[in-house]
Amino acid sequence: MIYLDNAATTFPKPTEVYKEVIRCMENYAANPGRSSHDMAIQASAKIMEARQELSKLFNISNVLNLVFTSNATEALNIAIKGALKRGDHVISTVIEHNSVLRPLNYINKKGVDITLLGVNEYGYLDLSGLKKEIKKNTKAIVINHSSNVLGTIQNINEIGRISKENGIIFILDASQSAGTIDIDVKKDNIDLLAFPGHKGLFGPQGTGGLYIREGLELDNFKDGGTGSNSNFMNQPDFLPDKFESGTLNTPGIAGLCEGVKFIKKVGRKNIQKHEERLVEYLLKELKKLSYVKIYGIPSAENRSAVVSINIDGIDSSQVGYLLNKAKIAVRTGYHCAPLIHGIIGTLNKGTVRISPGYFNTFQDIENIIMAIKDIYSKKLI
């Protein structure tokens with residue numbers, strides 16, 4: 001199988017990730033921070049190592065400001081529901097994933113005012129329009145760093161600057177960018193950074209995290225055992241314990257740690273450059289096919305490794321089915337980002353999403369191009 005669905009979950013993972021998950025399960029998969037025996041201490045040490053590696057990657061000063069979650073969706077729920085209250089105003093966009101749109105819809109029903117900004121056909125946000133929507137009660141701006149439908153990369157440095165100048169919390173959804181695109185929480189003035197472990201960070205599924213800026217107070221998302229202050233019924237009010245109730249996914253976090261170390265070894269820029277070259281080649285070959293519609297910016301510049309297309313006269317789900325028969329894995333449909341399809345004209349059909357990753361080759365791109373040609377030629381028979 002040629003795997004081109006890395007925007008959903010990166011596959012395969014580096015060998016080191018698999019080995020560490022198994023090593024953890026076999027040797028130290030005890031409860032971190034709960035006991036004083038060697039296995040529990042080793043588990044705690046590995047989790048701290050993962051915090052340190054992620055903090056270096058995102059330029060986080062205090063490793064304890066990084067909270068582990070089960071995925072980016074949980075991190076975004078903690079950020080959005082924890083920061084916003086009745087009477088507040090929040091700004092976001094129509095290009096967001098449902099992991100943002102659904103929590104926003106939830107808090108809107110609780111009395112939070114929401115503004116969803118439009119984007120152009122390439123998915124870019126008009127920053128002057130963003131400034132005009134800021135009100136006295138605007139509490140937060142929530143932005144998708146890179147679109148999971150169009151690959152559009154927003155100017156987070158400028159958005160962060162606007163947020164800081166206006167005393168607004170900047171929440172960044174880094175689901176499609178963490179590990180591949182440069183993110184610096186200080187330089188970009190990011191207050192809350194939500195990221196998954198299983199995509200660009202090469203970790204296992206069931207891992208993710210949330211960076212919380214020093215001094216920013218959020219309501220806790222859940223209550224329970226933390227291994228700290230265990231003689232009190234009140235939830236701890238310090239990080240990361242406040243948001244890490246229950247047993248952490250130690251094997252998953254151990255694997256995530258190795259994924260981040262792999263990025264450091266190979267070089268984040270080298271990973272990004274390889275993916276850009278694959279996308280550049282893919283777009284070049286797709287443009288030769290008059291029956292293929294490409295969505296988003298028509299170049300690899302300022303685009304993550306996500307390319308959405310449709311083939312004339314063939315439903316996106318049918319294309320996905322036929323590609324699967326050809327042993328090529330892609331994703332089809334609306335990609336959990338319902339509002340953007342009204343902008344790009346795919347409300348009734350969705351798109352075929354091709355998302356190469358670091359372990360893909362140029363031959364993989366040639367194979368999917370040949371498969372697309374074959375699918376269309378058989379339609380004409």
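Below, all heavy atoms of this structure are taken into account, side chains as well, without hydrogens, waters or symmetry copies.
- Judged as a ring-ring contact (aromatic ring centres under 6.0 Å, His included), the pairs with a partner in residues 48-84 (not counting sequence neighbours) are, in order, Phe58-Phe195.
- In terms of modelled atom types and a separation under 3.5 Å, the side chain of Lys187 and the main chain of Asn157 share no donor-acceptor contact.
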* Asked: Which is it for Ser304 and Ser146 under the side-chain hydrogen bond (donor to acceptor under 3.5 Å, both in side chains) test, yes or no, and what are the steps along the way?
  -> CA-CA 7 Å; Ser304 61; Ser146 174; 2.6 Å; yes
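- One distance of note links CG of Leu256 with CG of Leu54; it measures 5.0 Å at 0.5 Å rounding.
- Summarising the local packing, NZ of Lys186 is surrounded by more than 12 heavy atoms from other residues, nucleotides or ligands at distances under 6.0 Å.
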* **Stepwise side-chain hydrogen bond (donor to acceptor under 3.5 Å, both in side chains) check, Ser245 with Gln235** => CA-CA 9 Å; Ser245 293; Gln235 184 75 4; 2.7 Å; yes
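- From Leu172, atom CG reaches atom CG of Asn144 across 8.0 Å, with rounding to the nearest 0.5 Å.
- Between Asp219 and Lys85, at least one side-chain nitrogen of the basic residue sits less than 4.0 Å from a carboxylate oxygen of the acidic one, meeting the salt-bridge criterion.
- The pair Glu165-Arg161 meets the salt-bridge criterion, with a side-chain N (NZ, NE, NH1 or NH2) lying under 4.0 Å from an Asp/Glu carboxylate O.
- Around atom OH of Tyr18, more than 12 heavy atoms belonging to other residues, nucleotides or ligands sit under 6.0 Å away.
- Counting heavy atoms of neighbouring residues, nucleotides and ligands inside a 6.0 Å radius, atom CZ of Phe232 does not exceed 12 of them.
- A 6.0 Å sphere centred on CE of Met370 holds more than 12 heavy atoms belonging to other residues, nucleotides or ligands.
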* Asked: Stepwise, does the salt bridge (Lys or Arg N to Asp or Glu O under 4.0 Å) test hold for Lys242 with Glu217?
  -> CA-CA 11 Å; Lys242 183 177 180 179; Glu217 292 295 325; 3.8 Å; yes
* After noting the C-alpha distance and the side-chain angles of Lys269 and Asp182, does the key distance pass the salt bridge (Lys or Arg N to Asp or Glu O under 4.0 Å) rule? -> CA-CA 8 Å; Lys269 289 182 180 179; Asp182 183 42; over 6 Å; no
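- Under the 4.5 Å side-chain criterion, counting only non-hydrogen atoms from C-beta, Val306 is not in contact with Asn148.
- In this structure the side chain of His89 never reaches within 4.5 angstrom of the side chain of Lys139, judged on heavy atoms.
- Looking only at distances, no side-chain donor or acceptor of Lys46 sits under 3.5 Å from a matching main-chain atom of Tyr28.
- In the hydrophobic clustering of ILVMFWY residues, with side-chain heavy atoms under 4.5 Å counting as a link, Ile294 and Leu4 come out together.
- A salt bridge does not link Glu276 to Arg303: none of the charged nitrogens lies less than 4.0 Å from a carboxylate oxygen.
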* Assess whether salt bridge (Lys or Arg N to Asp or Glu O under 4.0 Å) is satisfied between Glu26 and Arg23, documenting all intermediate values. => CA-CA 5 Å; Glu26 290 180 341; Arg23 194 174 82 84; over 6 Å; no
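- Side-chain contact check for Glu275 versus Pro356: every heavy-atom pair is 4.5 Å or farther apart.
- More than 12 heavy-atom neighbours from other residues, nucleotides or ligands sit within 6.0 angstrom of CG on Asp126.
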* For side-chain hydrogen bond (donor to acceptor under 3.5 Å, both in side chains), just list the numbers for Ser228 and Asp241, CA-CA rounded to whole Å, side-chain angles, deciding distance to a tenth of an Å, and then say yes or no. => CA-CA 7 Å; Ser228 57; Asp241 300 42; 2.6 Å; yes
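- The shortest distance between side-chain heavy atoms of Asp5 and Arg353 falls below 4.5 Å.
- The shortest heavy-atom contact between Ile365 and Leu282 is CG2-CA, 3.7 Å.
- Enclosure of atom CD in Gln363 by more than 12 non-hydrogen atoms of other residues, nucleotides or ligands within 6.0 angstrom is indicated.
- When all heavy atoms are compared, the tightest approach of Ala29 to Met39 is N-CE, 4.2 Å.
- Using a 4.5 Å heavy-atom threshold, the side chains of Leu210 and Leu193 count as separate.
- Between Thr115 atom OG1 and Ile141 atom CD1 the span is 10.5 Å, to the nearest 0.5 Å.
- Nearest approach of Ser316 to Asn310, heavy atoms of both residues: CB-OD1, 3.5 Å.
- Using a 4.0 Å cut-off between a side-chain N of Lys or Arg and a carboxylate O of Asp or Glu, Asp191 and Lys164 do not qualify as a salt bridge.
- For the residue pair Asn302 and Tyr124, a side-chain donor N or O sits within less than 3.5 Å of a side-chain acceptor on the partner.
- Two residues are said to be in side-chain contact when any heavy atoms from C-beta on lie closer than 4.5 Å; Val94 and Leu117 fail this criterion.
- Figure legend: cation-pi geometry between Lys222 and Phe243 absent, as NZ or CZ is not positioned both under 6.0 Å from the six-membered ring centre and within 45° of its axis.
- To the nearest 0.5 Å, the span separating CG on Asn59 from CD1 on Ile190 amounts to 10.0 Å.
- Taking 4.0 Å as the cut-off between side-chain N and carboxylate O, Glu16 and Lys261 do not count as a salt-bridged pair.
- Considering every non-hydrogen atom in both Thr332 and Ser317, the closest pair reads OG1-CA, 3.8 Å.
- Ile153 forms part of a hydrophobic cluster together with Ile181, judged by ILVMFWY side-chain heavy-atom separations under 4.5 Å.
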* Report the C-alpha distance between Ser55 and Gln52 in whole Å, list the side-chain angles of each, state the deciding distance to 0.1 Å, and finish with yes or no for side-chain hydrogen bond (donor to acceptor under 3.5 Å, both in side chains). => CA-CA 5 Å; Ser55 294; Gln52 291 168 339; over 6 Å; no
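- Residue Phe359 comes nearest to Lys13 through the heavy atom pair CE1-C, 4.2 Å, listed as atom of the first residue, atom of the second, then distance.
- Residue pairs meeting the ring-ring contact (aromatic ring centres under 6.0 Å, His included) criterion with at least one member in residues 265-316, sequence neighbours excluded: His274-Tyr358, Tyr281-Phe362, Tyr291-Tyr376.
- Between Arg51 and Glu244, at least one side-chain N (NZ, or NE/NH1/NH2) sits under 4.0 Å from a carboxylate O, which counts as a salt bridge.
- Remark: the backbone N or O of Asn31 is not paired with any side-chain donor or acceptor of Thr247 at under 3.5 angstrom.
- Considering all non-hydrogen atoms of both residues, Gln205 and Thr9 come closest at NE2-OG1, 3.3 Å.
- The existence of a salt bridge linking Glu258 and Lys19 is excluded, since no basic side-chain nitrogen approaches an acidic carboxylate oxygen closer than 4.0 Å.
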